[in-house]
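Step one of this worksheet: look at the structure below.
Order of the sequence lines fixes the chain letters, A, B, ..., with proteins taken first and strands second; residue numbering starts at 1 for each chain.
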Protein chains: 2
Amino acid sequence: MLLSQTEENYLKAIYSLGYANSNKVSTTLISVELNTKASSVSDMIKKFADKELVHYKKYQGVSLTEIGRKKAIEIIRKHRLWEVFLVNKLHYNWDEVHELAEQLEHIKSETLIDKLETFLDFPTHDPHGDPIPDRNGNIEYHKNMMLSSIENGESCVVIGFKDASDSFLKFLDKLHIKLGSPLKVLSKEPFDNSMIVETESGSISISNQISKNLFVKKI
Amino acid sequence: MLLSQTEENYLKAIYSLGYANSNKVSTTLISVELNTKASSVSDMIKKFADKELVHYKKYQGVSLTEIGRKKAIEIIRKHRLWEVFLVNKLHYNWDEVHELAEQLEHIKSETLIDKLETFLDFPTHDPHGDPIPDRNGNIEYHKNMMLSSIENGESCVVIGFKDASDSFLKFLDKLHIKLGSPLKVLSKEPFDNSMIVETESGSISISNQISKNLFVKKI
DNA sequence: TTTTATATTTAGACTTGTCTAAATATTTTG
DNA sequence: CAAAATATTTAGACAAGTCTAAATATAAAA
Ligand SMILES: [Mn+2]
Ligand SMILES: [Mn+2]
Ligand SMILES: [Mn+2]
Ligand SMILES: [Mn+2]
């Protein structure tokens, strides 16, 4: 089934909102996410129900069907691989690529994104630390979330290290950060993407280089 | 002025049709090129006249204004650079990239295409031998046309070599091809993009590798 | 449990781009 | 040149996606 760009954006919104809100998503929430009106969302949802992309009972919100979820993940896969391309190959800064990826994610092709993935050498995460779904739609959930993608005020616990080099781990040692360490993001600095983090042994500044390499789980 | 994908496709069609037909393009010609109806073209042309993208007098056909021409060349630049990317970096075959480039040429960004051009190391021609306009909209016309882009039955004369290596020129020597040699394309083989070419000293088969490196001028 | 506030859906209208059918202009031909 | 053929434009309709305003359902408050 071939979807329009608009439809793809709706699907993606329902997916990511549902992800944070245990699946059931309200009309208003979607309309806020997509900068549109609730009435427009209502119309689109009816179309989606007909196409069996969502489960929908009037006034009860929507959730994606398996088909809808698959499609949403495909778009997210494209979005994130394009972001890697823009940062790693074209040398964009990580904070400049999102809007461009919003366009590129809608390019239709059976082969393009897999070739791009090969060209990029099968990255596992995008420049913001978010996991890239594989070609079968498998995506690692919270497990592989990066500290860099944690929002202001949110708490998490360290569950792994992406860069497992000696020097990196030694450095973490100095900061008293190890597997199981609870962290709370107190602020984020847009200029260099560093963050102030509260640890068990006090508040410290953490560079983006570090936060991109720390697997965490929200708590 | 921000143009829709549809508008960009119309502009590109008017540009390339006008190029072959000394600028004045008819409604019907455009409708054939874009697989649409003459009435739809009429509607769009009126919009273009309002936006000062075309010169238009009812029933007299259209030609691009300087603004329209600039915009058309921008899109062609994007199309051809994306084609180079797809072939050189993602290893698509040169005959697989056109439809994808038709999508990618519409990605909107102030910076993307220049960064892509740098990444590709400033290619001068796309995989089909067509010249790539520079960032200022300058495009080398017939002058830098490649033998590979000459159509069946057309005649041309050699005006330069892209790959000026010794071995390449020695090889051309053997074929009795040199600056000023007249050539006529007798047939093209889709399988390996080779062509049969009539030279002053007989008909020979020329590989795509060769034809992509011969600058020619139509006669 | 009523009443009130909020959320959601429906109705009707608008825009972009398309189409068919009809009207009008241009070109070709006798 | 006048008639016929062809090309172009206009008129009116339709689909996708959006909006405002009104109707209806759900949730919150009294
Ligand atoms: Mn993004
Ligand atoms: Mn991202
Ligand atoms: Mn092309
Ligand atoms: Mn090309």
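- Here the P atom of nucleotide C:dT16 and the CG atom of B:Asp50 are 12 Å apart, to the nearest Å.
- Here the side chains of A:Met44 and A:Thr6 are in contact, with some heavy-atom distance below 4.5 Å.
- Taking side-chain N and O atoms only, A:Ser4 has a distance below 4.0 Å to OP1 or OP2 of D:dG17.
- Whole-Å rounding puts the B:Gln5 CD to C:dT18 P distance at 12 Å.
- Straight-line distance from the CG atom of B:Leu3 to the P atom of C:dT15: 19 Å, rounded to whole Å.
- Between B:Asp43 atom CG and C:dC19 atom P there is a gap of 10 Å when expressed in whole angstrom units.
- Counting heavy atoms of neighbouring residues, nucleotides and ligands inside a 6.0 Å radius, atom CD of A:Gln209 does not exceed 12 of them.
- Contact annotation: B:Tyr10 side-chain N/O to C:dT16 OP1/OP2 distance is not under 4.0 Å.
- Environment of NZ in A:Lys188: crowded, with over 12 heavy atoms of neighbouring residues, nucleotides or ligands closer than 6.0 Å.
- As a whole-Å value, the separation of A:Tyr56 OH from C:dA7 P is 16 Å.
- In this entry the distance linking NZ of B:Lys37 with P of D:dC14 reads 18 Å, nearest Å.
- A donor-acceptor distance shorter than 3.5 angstrom exists from the side chain of A:Gln103 to the backbone of B:Lys108, with no hydrogens or angles considered.
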Donor-acceptor pairs under 3.5 angstrom involving side-chain atoms of residues 72-91 of chain B: please list them, not counting sequence neighbours.
unit_1: B:Glu74; atom_1: OE1; unit_2: B:Lys71; atom_2: NZ; d: 3.2
unit_1: B:Arg77; atom_1: NH1; unit_2: B:Glu117; atom_2: OE2; d: 3.0
unit_1: B:Arg77; atom_1: NH1; unit_2: B:Pro133; atom_2: O; d: 3.0
unit_1: B:Arg77; atom_1: NH2; unit_2: B:Asp114; atom_2: OD1; d: 2.7
unit_1: B:Arg77; atom_1: NH2; unit_2: B:Glu117; atom_2: OE1; d: 2.9
unit_1: B:Lys78; atom_1: NZ; unit_2: B:Ile107; atom_2: O; d: 2.9
unit_1: B:His79; atom_1: ND1; unit_2: B:Glu105; atom_2: OE1; d: 2.8
unit_1: B:His79; atom_1: NE2; unit_2: B:Glu83; atom_2: OE2; d: 2.8
unit_1: B:His79; atom_1: NE2; unit_2: B:His98; atom_2: ND1; d: 3.1
unit_1: B:Arg80; atom_1: NH1; unit_2: B:Pro131; atom_2: O; d: 2.7
unit_1: B:Trp82; atom_1: NE1; unit_2: B:Leu104; atom_2: O; d: 3.3
unit_1: B:Glu83; atom_1: OE1; unit_2: B:His128; atom_2: ND1; d: 3.0
unit_1: B:Glu83; atom_1: OE2; unit_2: B:His98; atom_2: ND1; d: 3.4

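- Between A:Thr36 and the phosphate of D:dC19, there is a side-chain N or O to OP1/OP2 separation shorter than 4.0 Å.
- One atom, CZ of B:Phe48, and another, P of C:dT16, lie 13 Å apart when rounded to the nearest Å.
- Here the C1' atom of nucleotide D:dT10 and the CE atom of B:Met44 are 17 Å apart, to the nearest Å.
- B:Thr124 places none of its side-chain heavy atoms less than 4.5 Å from the side chain of B:Glu140.
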Give every pair of a protein N or O atom and an N or O atom of nucleotides 22-28 of chain C that lie under 3.5 Å apart, one pair per line with the distance.
unit_1: C:dA25; atom_1: O4'; unit_2: B:Tyr59; atom_2: OH; d: 3.4

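- Along DNA chain D, the nucleotide closest to A:Ser40 and the one closest to B:Gly61 are compared, and the more 5′ of them pairs with B:Gly61.
- Partners of A:Asn136 under the side-chain contact (heavy atoms from CB on, under 4.5 Å) rule, at least two apart in sequence or in another chain, are A:Asp134, A:Asn138.
- Residue contacts shown for A:Ser39 include a base, since a base heavy atom lies under 4.0 Å away.
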